[in-house]
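Values reported hereafter were calculated over all heavy atoms of this structure, with side chains retained and with hydrogens, waters and symmetry mates removed. Indexing begins at 1, ligand by ligand and atom by atom, following the structure's order.
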Amino acid sequence: MKIKLPILFYHKIHEPRPGARSINLYVPPASFEQQLRYLHKRGYKSISLKQAIEKIRQSKPIAPKSVAITFDDGYLDNYEYAYPILKKYNFTATIFMVTDFAGRDNSWPHSKETLPERLMSWDNIREMAQHGMSFGSHTCNHWNLNKLSVDEISRELVRSKRKLENELQQEVISFCYPYGEYNSQVLGLVEHSGYLGACATEHGNRHTPDDIYTLKRVFIWHDTPMWKFGYYLSSFYDYEHTRKQKRKALKKRAATD
Ligand SMILES: [Zn+2]
(Lines give C-alpha, C1' and ligand atoms only; values in the text may rest on other atoms or scores of the structure.)
Protein backbone atom coordinates (compact mmCIF):
# COMPACT_ATOMS: atom_id res chain seq x y z
CA MET A 1 0.00 0.00 0.00
CA LYS A 2 1.26 3.45 -0.87
CA ILE A 3 1.38 6.16 1.78
CA LYS A 4 0.17 9.53 0.64
CA LEU A 5 2.21 12.59 1.58
CA PRO A 6 2.95 15.54 -0.67
CA ILE A 7 6.55 16.65 -0.02
CA LEU A 8 6.70 20.13 -1.51
CA PHE A 9 9.98 21.02 -3.16
CA TYR A 10 11.28 24.60 -3.37
CA HIS A 11 14.65 26.28 -3.90
CA LYS A 12 14.45 30.08 -3.74
CA ILE A 13 11.63 32.20 -2.38
CA HIS A 14 12.27 35.36 -4.32
CA GLU A 15 11.18 37.14 -7.49
CA PRO A 16 13.21 35.72 -10.41
CA ARG A 17 16.39 37.80 -10.57
CA PRO A 18 17.28 39.43 -13.89
CA GLY A 19 19.99 37.39 -15.61
CA ALA A 20 19.27 34.20 -13.66
CA ARG A 21 19.56 31.04 -15.73
CA SER A 22 17.06 28.76 -13.99
CA ILE A 23 13.94 30.85 -13.56
CA ASN A 24 12.06 27.79 -12.30
CA LEU A 25 14.09 27.74 -9.10
CA TYR A 26 12.37 30.97 -7.96
CA VAL A 27 8.96 31.14 -6.33
CA PRO A 28 7.94 34.75 -5.59
CA PRO A 29 7.20 35.37 -1.86
CA ALA A 30 3.60 36.42 -2.71
CA SER A 31 3.00 33.07 -4.49
CA PHE A 32 4.57 31.14 -1.61
CA GLU A 33 2.28 32.96 0.82
CA GLN A 34 -0.76 32.22 -1.37
CA GLN A 35 0.19 28.51 -1.36
CA LEU A 36 0.60 28.35 2.42
CA ARG A 37 -2.65 30.28 2.92
CA TYR A 38 -4.35 27.75 0.64
CA LEU A 39 -3.00 24.85 2.75
CA HIS A 40 -3.87 26.59 6.01
CA LYS A 41 -7.46 27.37 4.93
CA ARG A 42 -8.04 23.77 3.89
CA GLY A 43 -6.83 22.39 7.19
CA TYR A 44 -3.44 21.06 6.07
CA LYS A 45 -0.81 20.63 8.78
CA SER A 46 2.90 20.16 8.28
CA ILE A 47 4.58 16.95 9.31
CA SER A 48 8.34 16.93 9.87
CA LEU A 49 10.34 14.88 7.44
CA LYS A 50 11.67 12.91 10.41
CA GLN A 51 8.15 11.84 11.45
CA ALA A 52 7.22 11.16 7.83
CA ILE A 53 10.29 8.95 7.32
CA GLU A 54 9.48 6.98 10.48
CA LYS A 55 5.89 6.40 9.31
CA ILE A 56 6.85 5.45 5.76
CA ARG A 57 9.55 3.07 7.03
CA GLN A 58 6.92 1.28 9.13
CA SER A 59 4.27 1.40 6.37
CA LYS A 60 2.03 3.40 8.68
CA PRO A 61 -0.49 5.78 7.12
CA ILE A 62 0.07 9.50 7.52
CA ALA A 63 -2.90 11.67 8.57
CA PRO A 64 -4.76 13.02 5.54
CA LYS A 65 -4.11 16.71 4.91
CA SER A 66 -0.49 16.38 5.99
CA VAL A 67 2.20 18.06 3.97
CA ALA A 68 6.00 18.23 4.25
CA ILE A 69 7.81 21.30 2.97
CA THR A 70 11.41 21.15 1.74
CA PHE A 71 13.95 23.59 0.36
CA ASP A 72 17.16 22.61 -1.42
CA ASP A 73 20.54 24.36 -1.03
CA GLY A 74 19.73 26.73 1.90
CA TYR A 75 19.44 30.13 0.23
CA LEU A 76 19.40 33.24 2.41
CA ASP A 77 15.96 34.10 0.97
CA ASN A 78 14.60 31.02 2.78
CA TYR A 79 15.44 32.84 6.01
CA GLU A 80 14.42 36.31 4.82
CA TYR A 81 11.13 35.49 3.05
CA ALA A 82 10.04 31.88 3.53
CA TYR A 83 10.66 31.64 7.28
CA PRO A 84 8.34 34.54 8.32
CA ILE A 85 5.56 33.16 6.07
CA LEU A 86 6.03 29.63 7.43
CA LYS A 87 5.73 30.98 10.98
CA LYS A 88 2.68 33.10 10.11
CA TYR A 89 0.73 30.01 8.96
CA ASN A 90 2.23 27.69 11.56
CA PHE A 91 4.08 25.41 9.13
CA THR A 92 7.50 23.86 9.55
CA ALA A 93 9.96 22.88 6.83
CA THR A 94 13.18 20.99 6.21
CA ILE A 95 16.05 22.77 4.51
CA PHE A 96 18.76 20.72 2.81
CA MET A 97 21.95 22.64 3.41
CA VAL A 98 25.19 22.64 1.39
CA THR A 99 27.27 22.87 4.54
CA ASP A 100 30.62 24.20 3.25
CA PHE A 101 28.76 27.08 1.57
CA ALA A 102 26.80 28.40 4.58
CA GLY A 103 27.19 32.19 4.65
CA ARG A 104 28.77 32.12 1.17
CA ASP A 105 27.58 32.33 -2.44
CA ASN A 106 26.34 29.30 -4.35
CA SER A 107 29.53 29.12 -6.40
CA TRP A 108 30.05 25.39 -5.89
CA PRO A 109 31.85 23.26 -8.46
CA HIS A 110 29.88 22.72 -11.71
CA SER A 111 27.17 25.16 -10.68
CA LYS A 112 25.00 25.92 -13.69
CA GLU A 113 23.95 29.22 -12.14
CA THR A 114 25.34 32.36 -13.68
CA LEU A 115 24.22 34.60 -10.83
CA PRO A 116 25.93 34.23 -7.45
CA GLU A 117 23.41 33.99 -4.63
CA ARG A 118 24.01 33.95 -0.92
CA LEU A 119 23.23 30.99 1.34
CA MET A 120 22.14 31.28 4.98
CA SER A 121 24.72 31.76 7.70
CA TRP A 122 25.07 29.39 10.65
CA ASP A 123 23.40 32.09 12.82
CA ASN A 124 20.35 32.03 10.48
CA ILE A 125 20.33 28.24 10.50
CA ARG A 126 20.53 27.99 14.30
CA GLU A 127 17.76 30.54 14.75
CA MET A 128 15.44 28.65 12.40
CA ALA A 129 16.28 25.32 14.05
CA GLN A 130 15.44 26.81 17.46
CA HIS A 131 12.01 27.75 16.09
CA GLY A 132 10.98 24.37 14.77
CA MET A 133 12.59 24.23 11.32
CA SER A 134 14.64 21.15 10.48
CA PHE A 135 17.82 20.74 8.50
CA GLY A 136 19.05 17.91 6.35
CA SER A 137 22.25 17.45 4.40
CA HIS A 138 22.73 18.34 0.74
CA THR A 139 26.44 17.39 1.01
CA CYS A 140 29.35 19.73 1.82
CA ASN A 141 30.15 20.86 -1.74
CA HIS A 142 27.16 20.04 -3.95
CA TRP A 143 29.10 17.56 -6.08
CA ASN A 144 27.29 15.17 -8.39
CA LEU A 145 27.83 12.09 -6.20
CA ASN A 146 27.72 9.70 -9.17
CA LYS A 147 31.05 11.14 -10.28
CA LEU A 148 32.95 10.66 -7.01
CA SER A 149 34.89 7.74 -5.54
CA VAL A 150 33.48 5.77 -2.61
CA ASP A 151 35.80 7.62 -0.20
CA GLU A 152 34.85 11.02 -1.57
CA ILE A 153 31.13 10.24 -1.39
CA SER A 154 31.46 9.00 2.20
CA ARG A 155 33.35 12.12 3.21
CA GLU A 156 30.65 14.39 1.73
CA LEU A 157 27.92 12.41 3.48
CA VAL A 158 29.54 12.03 6.88
CA ARG A 159 31.23 15.43 7.21
CA SER A 160 28.08 17.42 6.26
CA LYS A 161 25.98 15.39 8.72
CA ARG A 162 28.49 15.95 11.53
CA LYS A 163 28.81 19.66 10.78
CA LEU A 164 25.02 20.15 10.97
CA GLU A 165 24.76 18.06 14.13
CA ASN A 166 27.56 20.01 15.83
CA GLU A 167 26.09 23.38 14.89
CA LEU A 168 22.49 22.49 15.77
CA GLN A 169 23.02 20.00 18.59
CA GLN A 170 20.32 17.83 16.93
CA GLU A 171 20.44 14.55 15.10
CA VAL A 172 20.35 14.95 11.30
CA ILE A 173 18.60 12.05 9.61
CA SER A 174 17.63 13.29 6.16
CA PHE A 175 19.57 13.78 2.97
CA CYS A 176 18.95 15.17 -0.51
CA TYR A 177 20.97 14.41 -3.70
CA PRO A 178 22.71 17.33 -5.45
CA TYR A 179 21.32 17.63 -9.01
CA GLY A 180 18.96 14.78 -8.06
CA GLU A 181 21.75 12.37 -9.12
CA TYR A 182 22.27 8.99 -7.48
CA ASN A 183 23.09 5.38 -8.34
CA SER A 184 22.92 2.15 -6.33
CA GLN A 185 26.36 2.77 -4.79
CA VAL A 186 25.35 6.26 -3.65
CA LEU A 187 22.08 4.93 -2.17
CA GLY A 188 23.98 2.30 -0.17
CA LEU A 189 26.45 4.86 1.17
CA VAL A 190 23.67 7.26 2.21
CA GLU A 191 22.14 4.47 4.28
CA HIS A 192 25.53 3.39 5.62
CA SER A 193 26.33 6.97 6.73
CA GLY A 194 23.40 6.92 9.15
CA TYR A 195 20.69 8.75 7.22
CA LEU A 196 17.21 7.31 7.69
CA GLY A 197 15.72 8.74 4.51
CA ALA A 198 16.50 10.87 1.47
CA CYS A 199 14.63 13.06 -0.99
CA ALA A 200 15.03 12.71 -4.74
CA THR A 201 13.79 14.95 -7.53
CA GLU A 202 11.38 12.48 -9.14
CA HIS A 203 7.77 13.63 -9.05
CA GLY A 204 5.01 12.02 -7.01
CA ASN A 205 3.25 12.19 -3.65
CA ARG A 206 2.72 8.55 -2.62
CA HIS A 207 5.45 6.45 -1.02
CA THR A 208 6.42 2.93 0.06
CA PRO A 209 9.18 1.77 2.46
CA ASP A 210 11.21 0.78 -0.64
CA ASP A 211 11.39 4.46 -1.64
CA ILE A 212 12.77 5.66 1.67
CA TYR A 213 16.09 6.78 0.06
CA THR A 214 14.41 8.10 -3.09
CA LEU A 215 11.39 9.93 -1.75
CA LYS A 216 9.40 11.58 -4.51
CA ARG A 217 8.51 15.25 -4.25
CA VAL A 218 6.17 17.84 -5.70
CA PHE A 219 8.16 20.47 -7.59
CA ILE A 220 6.61 23.92 -7.29
CA TRP A 221 7.38 26.03 -10.36
CA HIS A 222 7.84 29.80 -10.33
CA ASP A 223 4.44 30.25 -11.99
CA THR A 224 2.45 27.28 -10.62
CA PRO A 225 -1.20 28.42 -10.74
CA MET A 226 -3.35 27.66 -7.70
CA TRP A 227 -5.56 25.12 -9.51
CA LYS A 228 -2.43 23.18 -10.34
CA PHE A 229 -1.10 23.49 -6.79
CA GLY A 230 -4.35 21.85 -5.62
CA TYR A 231 -3.94 19.11 -8.23
CA TYR A 232 -0.35 18.48 -7.05
CA LEU A 233 -1.72 17.60 -3.60
CA SER A 234 -4.14 15.02 -5.00
CA SER A 235 -3.49 11.32 -5.72
CA PHE A 236 -4.18 11.97 -9.43
CA TYR A 237 -0.85 13.77 -9.64
CA ASP A 238 0.88 10.61 -8.43
CA TYR A 239 -1.10 8.33 -10.78
CA GLU A 240 -0.10 10.54 -13.71
CA HIS A 241 3.61 10.42 -12.87
CA THR A 242 3.63 6.70 -12.06
CA ARG A 243 2.04 6.08 -15.47
CA LYS A 244 4.60 8.32 -17.17
CA GLN A 245 7.51 6.55 -15.43
CA LYS A 246 6.16 3.10 -16.37
CA ARG A 247 5.77 4.19 -20.00
CA LYS A 248 9.35 5.51 -19.99
CA ALA A 249 10.67 2.22 -18.54
CA LEU A 250 8.76 0.18 -21.16
CA LYS A 251 10.12 2.34 -23.99
CA LYS A 252 13.64 1.96 -22.63
CA ARG A 253 13.22 -1.83 -22.40
CA ALA A 254 11.81 -2.00 -25.94
CA ALA A 255 14.78 0.01 -27.22
CA THR A 256 17.32 -2.35 -25.63
CA ASP A 257 15.53 -5.62 -26.53
ZN1 LIG B 1 20.98 21.58 -4.90
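Judged as a ring-ring contact (aromatic ring centres under 6.0 Å, His included), not a single pair has a partner in residues 145-167 (not counting sequence neighbours).
Between the CG atom of Leu145 and the CD atom of Gln185 there is a distance of 10.0 Å, given to the nearest 0.5 Å.
Around the Zn ion (ligand 1), protein atoms of type N, O or S found under 2.8 Å number 3.
Residues Lys12 and Asp73 are not paired through a salt bridge, judged by the lack of any N-O separation under 4.0 Å between the basic side chain and the carboxylate.
In terms of the ring-ring contact (aromatic ring centres under 6.0 Å, His included) criterion, Phe91 has no residue partners (sequence neighbours excluded). For Tyr239, the side-chain contact (heavy atoms from CB on, under 4.5 Å) test picks out Arg206, Ser235, Phe236, with sequence neighbours left out.
Using the six-membered ring where Trp is involved, Tyr237 and Tyr231 have ring planes that are perpendicular, over 60° apart on the 30 and 60° scheme.
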